[in-house]
Amino acid sequence: MEYNFSDIEKKWQLYWTKNGSYRVSNDSSRPKFFVMDMFPYPSGAGLHVGHPLGYIASDIYARYKRLKGFNVLHPMGYDAFGLPAEQYAIDHGIHPAVSTENNIANFRRQLDNIGFCFDWDREVRTSDPGYYKWTQWIFLQLFKSWYDKKANKAKPVEDLVALFEKQGNTGHPCPGDSGIRFTAAEWKGFDRRRREEILMNYRLAYCGYGEVNWCEALGTVLANDEVINGFSERGGHPVVKKKLRQWYLRITDYADRLLEGLETVDFSEAMKEMQTNWIGKSFGAEIDFDILDLSPSDEKLKVYTTRPDTLFGVDFMVIAPEHPLIGAITTAGQRPAMDEYIAYVKSRSERERMAEKKITGCFTGAFAIHPFSGLHIPIWTSEYVLAGYGTGAIMAVPCGDERDFKFARHFDLPITNIIGEAFNGVEANPTKDAILENSDFLDGLVMKDAIVIAIRHLEEKGIGIRKVNYRMRDAAFSRQRYWGEPFPIVWEPGIAVPLDEKQLPLELPHIEKYGPGPEGEGPLANVAAWTSRHLETNTMPGYAGSSWYFLRYMDPHNNEEFCSRAASDYWGQVDLYIGGTEHAVGHLLYSRMWTKFLFDRDYIGYDEPYKRLVNQGMIQGSSRFVYRLELKGKPVEMADRQGKLEGRNEPFFVSAGIASMQGTPEFHQLIELFVQNIYTDPSIELESINVSALHVDVNIVDGMELDIEAFKRWRSEYANAEFVLEEGKCFCGSEVEKMSKRLYNTVNPDDLVARYGADTFRMYEMFLGPVEQSKPWDTKGIEGVHRFLRKLWRLFFDETKGKVWTTEAVKDPEWKCIYRTIKKVEEATERFSFNTGVSALMIGVNELTDLKCSKKEVLGKLVVILTPYAPHVAEELWHLLGNEGSVLDAPYPKVEEKYLVESTKNYPIAINGKTRTELNIALDATQQQVEELVLADDVVKRWLEGNPPKKVVYVRNKMINVVV
RNA sequence: ACCGGGGUGGCGGAACAGGUAGACGCGCAGGACUUAAAAUCCUGUUGCCCGCAACGGCAGUACGGGUUCGAUUCCCGUCCCCGGUACCA
């Protein structure tokens, strides 16, 4: 009987489906464990070998935990709303609902091939009305909530209204507009529209005007994390700033808790770092400067600085070109220059600013007054100061800040040195360790100590306050698109009215055209039935549905609630979340915020969604190139041949090694000879030879060697290709690139599964290296893993003899071997080191083969520890051994430690080393036992002479360690 | 520039807490079986040196130093690669 993986895999996949083996109950006495993958966006391209990496890892872990006696929730779903489906609809006229459905079916087929243990009864799709009903519902709760900074949690807006009626907003300054201040009496006097306007400035989901990232090509607004260097993440189109009415999430209210929460979760340092940087918390002071010739009661110039210690090094002020004060303070004399400058700034796109960092600016003509020295400080404007951060104005300290320094040099402004020798006059020095000079009451202080003192003085004088700032802005939450969740909002003039929750879901209407609305709104603005109800025409962004999907898996069919409290209490946090790093500051931050919000409002019992996060690395493509010759030459007579040569149409290729000789006379000669041979015409002379590298399908290249016949079949235009060979072969060039259809370097898991089976494929993906690591794909080694499974199979069956396993009694060395293997595999699996887990299994099977051990008791244990890695073959062997039930529920074998104890003989010895367990053996050691050790040191000799060491320790079962 | 991660054979990678570096697999070389091939199995495979032989000697985990009886592992400095951020005051 041979190892027939395709029969085995088909058989057990069917069996598991029929028996509902992967169905998970919310009602179990076993401890729970929740393993979740980042659900995929079902793109049309299907899966390549890079995608399942994380899924295989989580599948192994989920199966392992199940064997260990846990009730494991391991679901899968689809992040089905999004731009590409709509883009595809525009290009191909296929409705997003249809293409999404097709793509999902294809994904599912590919996933099933690999044999995952997902509980498909719990599948979620964000585009399903039964799902987005609750996305809309949560949005409404956000809309109906505000953030109480005193209690540090979200609360219902009704509470806020009650507070306003009692005390106005003095206790709770407006987060959206600090200028809004009113008393209880005033509140009562406001009309409905004014009240709603004010409340909008408090809501956690709010609508407002703001600078947004507008992408003309995509016709929509994008969140900050969807913009990379001034281009859209999807498609790479230019993005510009635009002022638009938009929905936002007030995520900035959660900034501190998002930061603090990082300390309670198990994420990689890199991930925490990225989120921390994104939030960008900084400590400093806000300082008010009086402006010369404006009476003191008038507007002050408010700046934000993290370095109030440098207050006496201020040589000028810089305000953003968009700063509201700019019109008021610019003097008549400077006005023409200013108008010109502002026009220039407006003409520059975000991209241009980033690409060429020019030093530009314009003097306003106005002066600020230094609060301590009374000096007059010129106020400039420049595009390097951003309107959106801090107060949009800075105090410039050129001796300490590189940008200020360059600005000062460029415009020839004087530079005050407040740090003595620490400033060399050639470049700014941002140190905090220098001793201050020329700094009045701060003289002689070390800068970092001066910070608090400076703030105290500012606060005492009433001209400044301690201030915390964040880099993170509120998240843009609306898209001018069709394929997303509609907002359950009806517009009355100037007032956003939430839809009654009973009317949810507000279903997305079916449309055929996806163009923008009459005023640049989303396609929904073209739907009469929609606009006649005055419904919001924007839709929600991609991250809406993915911000809470982990909760829906717990209770996917609930029509009364997004997730029952009982279900969310039972399953709790996601114990293990697996996915790529690309969602570091998008999805992960948003879903953490939503979770905190739901916790605040008491809908769930924890405020971090993911207990542990593992980021799988990217599988890169290993591209292959063929080298094509482009010839120009001088053939005689035959006109058509000349045409061919001049037209560069000949499919001539050259092996990589020869291509690398390009430019040498040998190369020229070789190619000329080659062409002469082809045309059997020695009179041909080549004028020039160019070599161009072309991507070739990696699947027709074996290692570096091109399969020439397959290549000729690959493209009809290459059917008559001719090759300049090396050693009779045509070698390709290679390069590691992103895996992509366009580069012909994708490898389809379907092909590998068909050829080697799902079990081999799964184990090989893991064997490649640590899950977290990025690495180029290389199919070469898969044979080795496949050989392992066949070798394993031969422990049970022999091609000629048939069944070889027996029920004979197991001998000690055999026990030792299997228990050592169990221990190694278990430890490796536990710490997520699946490559070493596979290795340990291989070693185990090699050893059992060497021992010729085919005993049922041993093999039974082997099969169970194999199950997470290669479930199909494990199930088959489990049954062939005569076991009942499914191996999926077999108990994980326990290690009998007594078989693992090593003898004390022949250990090398170490002295004064670190400690280990199992003191007893060495401490009780008799002289004879000690002599059996390898003794090499006088310390040990002294021991034998009657001066026992303080401590003798076993190290790693391999070495004795002596502490004198 | 800043922050984070990392440099180990021909290659992917092991070495869990400082304790025999190179497990396991690929590749390569040689051999067995076979008319032959496939499949399978065996032997060797960090480098250099010695030898009839050995569980022989020396060097060796990017480079230079340090701590330690002992360092791939810890500390300092240098170089290189990858990922993130980028006028955030």
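Order of the sequence lines fixes the chain letters, A, B, ..., with proteins taken first and strands second; residue numbering starts at 1 for each chain. Keep in mind it's a predicted model, so treat the numbers as computed, not measured.
- A:Lys824 places none of its side-chain heavy atoms less than 4.5 Å from the side chain of A:Thr836.
- Between A:Arg831 and the phosphate of B:A15, there is a side-chain N or O to OP1/OP2 separation shorter than 4.0 Å.
- A:Arg307 has no side-chain polar atom (N or O) that falls below the 4.0 Å cut-off from OP1 or OP2 of B:A89.
- Separating the CD atom of A:Glu402 from the P atom of B:C87 is a distance of 15 Å, rounded to the nearest angstrom.
- B:A39 and B:C26 are spaced 12 Å apart, taking the P atom of each and rounding to whole Å.
- When distances are taken from the side chain of A:Gln773 to each of B:G13, B:A89, B:U40, the shortest belongs to B:G13.
- Between A:Leu768 and A:Ala393, it is A:Leu768 whose nearest contact on RNA chain B lies nearer the 5' terminus.
- Taking 4.0 angstrom as the limit, A:Tyr389 places a side-chain polar atom (N or O) nearer than this to OP1 or OP2 of B:A89.
- For B:A23, there is no paired nucleotide, since no Watson-Crick or G-U wobble pair has both relevant distances below 3.5 Å.
- For A:Ile319 and B:C87, the CD1 to P distance is 20 Å, given to the nearest whole Å.
- Only the P atoms considered, B:G30 is 14 Å distant from B:A38, to the nearest whole Å.
- Residues A:Glu286 and A:Arg466 are not paired through a salt bridge, judged by the lack of any N-O separation under 4.0 Å between the basic side chain and the carboxylate.
- The base-pairing partner of B:G4, taking Watson-Crick or G-U wobble contacts with both distances under 3.5 Å, is B:C82.
- B:A29 and B:G18 have their P atoms separated by 42 Å, given to the nearest Å.
- A residue-by-residue look at A:Glu269 and A:Ser774 shows that A:Glu269 has its nearest nucleotide of RNA chain B further toward the 5' end.
- If you take CG of A:Leu589 and P of B:U85, they are 13 Å apart, rounded to a whole angstrom.
- Taking the C1' atom of each, B:A17 and B:U73 are spaced 10 Å apart, rounded to whole Å.
- Base pairing of B:C28 is made with B:G44, judged by Watson-Crick or G-U wobble geometry with both donor-acceptor distances under 3.5 Å.
- Outside the 6.0 Å centre-distance limit, the rings of A:Phe761 and A:Tyr756 are not counted as a close aromatic pair.
- Rounded to a whole Å, the NE2 atom of A:His323 is 17 Å from the P atom of B:A89.
- B:U45 and B:U85: their C1' atoms are spaced 45 Å apart (whole Å).
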Each nucleotide of nucleotides 23-33 of chain B classed B (base within 4.0 Å of a protein heavy atom), S (only sugar-phosphate) or -, in 5' to 3' order, makes BBSS-------

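- Distance CD (A:Gln620) to P (B:C81): 16 Å, rounded to an integer number of Å.
- If you check B:A89, B:G13, B:G84 against the side chain of A:Lys775, the one that comes closest is B:G13.
- Proximity of A:Leu301 to A:Met317: side-chain heavy atoms (C-beta onward) are separated by under 4.5 Å at one or more points.
- Rounded to whole Å, atom P of B:G5 lies 12 Å from atom NZ of A:Lys272.
- Between the P atoms of B:C87 and B:C76, the separation comes to 31 Å (whole Å).
- Nucleotides B:U34 and B:C28 are separated by 25 Å at their P atoms, to the nearest Å.
- Judged purely by distance below 3.5 Å, without hydrogens or angles, the side chains of A:Trp777 and A:Thr779 pair a donor atom with an acceptor atom.
- Taking atom CD on A:Glu383 and atom C1' on B:A89, their separation rounds to 16 Å, with Å as the unit.
- The closest side-chain donor-acceptor pair between A:Asn615 and A:Thr581, if any, does not fall under 3.5 angstrom.
- Residue pairs meeting the side-chain hydrogen bond (donor to acceptor under 3.5 Å, both in side chains) criterion with at least one member in residues 760-775 of chain A, sequence neighbours excluded, are A:Asp59-A:Arg762, A:Thr760-A:His786.
- Within the shown strands, nothing qualifies as a pairing partner of B:G18 under the Watson-Crick or G-U definition with both distances less than 3.5 Å.
- Residues A:Phe316 and A:Phe411 place their aromatic rings such that the two centres sit no closer than 6.0 Å.
- At the heavy-atom level, A:Pro776 lies nowhere under 4.0 Å from the strands shown.
- Classification of B:G10 as anti follows from a glycosidic angle more than 90° from 0.
- Between the P atoms of B:G13 and B:G65, the separation comes to 30 Å (whole Å).
- Taking the six-membered ring for Trp and thresholds of 30 and 60 degrees, A:Phe405 and A:Phe423 have ring planes more than 60 degrees apart, a perpendicular arrangement.
- In this structure, A:Asp309 atom CG and B:A89 atom P are separated by 14 Å, rounded to whole Å.
- Picking from B:G84, B:G4, B:A39 the nucleotide with the shortest atom distance to the side chain of A:Arg790 gives B:A39.
- Nucleotide B:U73: unpaired (no Watson-Crick or G-U wobble partner with both distances less than 3.5 Å).
- Residues satisfying the ring pair (Phe, Tyr, Trp, His ring centres under 6.0 Å) test with A:Tyr61, not counting sequence neighbours, are A:Phe33, A:Phe832.
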